[in-house]
**Q** 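Okay, here's the structure, questions in a sec.
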Protein chains: 2
Amino acid sequence: MASDSRHRPVETVETAFDIVDVVKAADGARITEIAAELELAKSTVHRHAKTLEARGLLVQEGDTYRISTWFLDYGIHVRNRHRLYDVARPKVDELAAETDEKVWCVIEEHGVGVHIYGAQGRHSVKTHARIGQRTHLHQFAAGKAILAHLPDERIERILDDYGLSAQTDRTITDRDELREHLETIRERGYAFNREESVIGVHAVGAPVRNESGTAIGAISVAGPANRLRGDLMTEDLPDLLLGATNEVEVNLAHS
Amino acid sequence: MASDSRHRPVETVETAFDIVDVVKAADGARITEIAAELELAKSTVHRHAKTLEARGLLVQEGDTYRISTWFLDYGIHVRNRHRLYDVARPKVDELAAETDEKVWCVIEEHGVGVHIYGAQGRHSVKTHARIGQRTHLHQFAAGKAILAHLPDERIERILDDYGLSAQTDRTITDRDELREHLETIRERGYAFNREESVIGVHAVGAPVRNESGTAIGAISVAGPANRLRGDLMTEDLPDLLLGATNEVEVNLAHS
DNA sequence: CGGACCGTTCGAATAGCGGGAACAGGCTTT
DNA sequence: AAAGCCTGTTCCCGCTATTCGAACGGTCCG
């Protein structure tokens, strides 16, 4: 498990995914457009596009290529096979019904938080998150709950790798401040997010840990700042959340 | 738009996706396992795996590699950007609430049907379909509804490409029989599925067409055969469905 | 009618992919 | 303990397959 050994990547594969990324970002792109963006010969891009299209990974509409629904198949497969999904999903639905707010299940992967499932109550606001979204762990409640319950060396490594970019002016960007913050989260067992990712939005997040105590994901409740405050925010929601994550942890251990 | 011109695929990219496919199918695989399966040298697989892992597309857990949630990000992106999704989604939810059965939104891509969104009523059975699932168009109600409303040359081409494989003993496998069947669907505007994809499951599907009358997708209602029969199946559900698809078509035209 | 742009095809040169052999480490077996 | 066998990993070399640029054949626009 060598960490950062000098490994030479397969460049052809990289360009293939570069093309996919450009097509994704542009929400459909043409051959010359892609070639210009990536500074490749048109013929090269053409051959790649045709290869990906033959595999069904890109779809050609006229002269523009789009990403195909094969990625949806792959993605849903990943989600369904994840240990947390089956167990956490019903709990997330339950919490959404009880709190009438937006509830998310987030997992950690490669040092970032990934939203794998969300449910909303009747009166919940539409958050800006969506399924599959990747967010730096220090920027939101669920992420901080996860980060606080990782081994120290992993925490430091993640901070080294991604830094502490700000999402709003409330986002924690100072490393020492974050370390203290994480210590507090570790002590009480859950995390708050007060407009640190979206202005006007508060959230509470609690970690889901495995047998050895390491976080593998988290569940969070998010809602408008003027509704999530006072005892509801500091007492009631944490209680609900901890009850849910505790149950999830038990179910995880017996599956 | 040359159809089947002699184009040489980029083989390196193909092997990369072969590896991804093996990892997906095996639900996590090790280097030697993949190498054996694809008859490649261990060193080759290793280099590819490390490349994909560096890009975040594979995740390494110990010595086994898994597909990462990046595919979820790509996949959800594809779905959200699809014209039909935003428009059809609320209608699908509505139909599920009204009928108390499983309702699916299916789109056509590359000649196959892709389930992009599903909603279920309280009493609906769990169908065997899942988001992202790809099904041959002749095998189910939504697919037949789409197939019937494609240009003739596309229909023939799709049948040529994929054949008429059976899912149950009721699946239509005779080409002439299917042609007649499609003609009937075209006349009345919607399709039935009586245990043609899953034994014990019936369904009704209606196409969503664009301005020129070509189907771009379909919506279907599915449920147990003993519940979906008689006038409910032949009158009420088709009415509901046509009302919904009609509305979707109008909304599509004005977006 | 002509120019400018597109996607597409072709051939040729070389960069980089793939393979095999050797290494290091962990686990089981003797 | 130690020998054996299985990993994943690294290295380097040869040959193939990728890349590029130029030329072709469309189509759209002026």
Side-chain angles (χ1 to χ4, degrees), chain A residues 1-68 110 212, chain B residues 1-68 110 212:
Chain A
M1 210 172 289
S3 44
D4 42 34
S5 66
R6 197 91 226 98
H7 107 278
R8 213 181 297 175
V10 186
E11 294 178 31
T12 310
V13 175
E14 299 243 87
T15 59
F17 277 101
D18 284 344
I19 290 172
V20 171
D21 282 341
V22 168
V23 170
K24 181 197 170 202
D27 200 18
R30 331 181 45 156
I31 296 287
T32 33
E33 201 177 333
I34 304 167
E37 177 81 25
L38 297 174
E39 297 182 23
L40 292 170
K42 280 192 302 177
S43 50
T44 305
V45 175
H46 179 255
R47 202 149 89 91
H48 273 272
K50 274 275 172 277
T51 304
L52 294 169
E53 203 248 346
R55 268 226 164 214
L57 296 161
L58 292 184
V59 181
Q60 194 174 1
E61 291 175 7
D63 280 338
T64 72
Y65 291 83
R66 300 184 175 280
I67 303 188
S68 90
H110 254 301
S212 52
Chain B
M1 212 173 288
S3 44
D4 41 35
S5 66
R6 196 93 224 100
H7 94 84
R8 214 182 296 175
V10 184
E11 292 177 32
T12 310
V13 175
E14 300 243 88
T15 59
F17 277 101
D18 285 344
I19 290 173
V20 171
D21 283 340
V22 169
V23 171
K24 180 196 170 202
D27 201 16
R30 332 179 45 153
I31 296 286
T32 33
E33 202 178 330
I34 304 167
E37 175 82 24
L38 297 174
E39 298 181 23
L40 293 171
K42 279 193 301 177
S43 52
T44 306
V45 174
H46 180 258
R47 202 148 88 90
H48 273 270
K50 273 277 172 277
T51 305
L52 294 168
E53 203 248 346
R55 268 225 163 216
L57 296 161
L58 292 184
V59 181
Q60 194 174 358
E61 291 175 7
D63 279 339
T64 71
Y65 290 85
R66 300 185 175 278
I67 304 189
S68 89
H110 254 301
S212 53

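Residue numbers start from 1 in every chain, and the chains themselves are labelled A, B, ... in the order their sequence lines are given, proteins ahead of strands.
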**Q** To the nearest 0.5 Å, tell me how far B/Leu40 CG sits from B/Arg47 CZ.
**A** 12.5 Å

**Q** D/dG8 C1' sits how many Å from B/Arg47 CZ, rounded?
**A** 16 Å

**Q** Would you kindly give the CZ-to-P distance between B/Arg8 and C/dG11, to the nearest whole Å?
**A** 10 Å

**Q** Tell me: CD of A/Glu11 to P of D/dT18, nearest whole Å?
**A** 13 Å

**Q** Where the side chain of A/His46 is concerned, which of D/dT18, C/dT8, C/dC10 is the nearest nucleotide?
**A** C/dT8

**Q** Donor-acceptor pair under 3.5 Å: do we get one between B/Lys42's side chain and the base of C/dG20?
**A** no

**Q** Please determine, for the side chain of A/Ile31, which listed nucleotide (C/dG7, C/dC17, D/dC20) has the closest atom?
**A** C/dG7

**Q** Report yes if the side chains of A/Thr12 and B/Val10 come closer than 4.5 Å at any heavy-atom pair, otherwise no.
**A** yes

**Q** Is the base of C/dG7 touched by the side chain of A/Thr32 through a donor-acceptor pair closer than 3.5 angstrom?
**A** no

**Q** Find the distance B/Asp18:CG to C/dG18:P and express it as a whole number of Å.
**A** 11 Å

**Q** Drop me the distance from B/Glu53's CD to B/His46's NE2, to the nearest 0.5 angstrom.
**A** 9.5 Å

**Q** How many whole angstroms separate atom CG of B/Asp63 from atom P of D/dT9?
**A** 6 Å

**Q** Could you work out which one of C/dG16, D/dC20, D/dG8 sits closest to the side chain of B/Arg30?
**A** D/dG8

**Q** With a 3.5 Å cut-off and heavy atoms only, can you find an N or O donor on one side and an acceptor on the other between the side chain of B/Ser43 and the base of C/dG18?
**A** no

**Q** D/dT18 phosphate, OP1 or OP2: any side-chain N/O from A/Thr12 under 4.0 angstrom?
**A** no

**Q** Assign A/Thr64 to base, sugar-phosphate, or nothing according to its heavy-atom contacts below 4.0 angstrom with the strands shown.
**A** nothing

**Q** Ignoring backbone atoms, establish whether A/His48 has a side-chain N or O less than 4.0 Å from OP1 or OP2 of D/dT19.
**A** yes

**Q** To the nearest 0.5 Å, what is the distance between CD on B/Gln60 and CD1 on B/Ile31?
**A** 7.5 Å

**Q** Please report the distance, rounded to the nearest Å, between OH in B/Tyr65 and P in D/dT9.
**A** 5 Å

**Q** Just how far, in rounded Å, is P of C/dG20 from CG of B/Leu40?
**A** 11 Å

**Q** Could you measure the distance from the CG atom of A/Leu57 to the CD1 atom of A/Ile67? Nearest 0.5 Å is fine.
**A** 9.5 Å

**Q** Checking contacts here: which listed nucleotide (D/dT9, D/dT18, D/dT19) is nearest the side-chain heavy atoms of B/Lys50?
**A** D/dT9

**Q** Round to a whole Å and report the spacing from CD1 of A/Ile19 to P of D/dT18.
**A** 13 Å

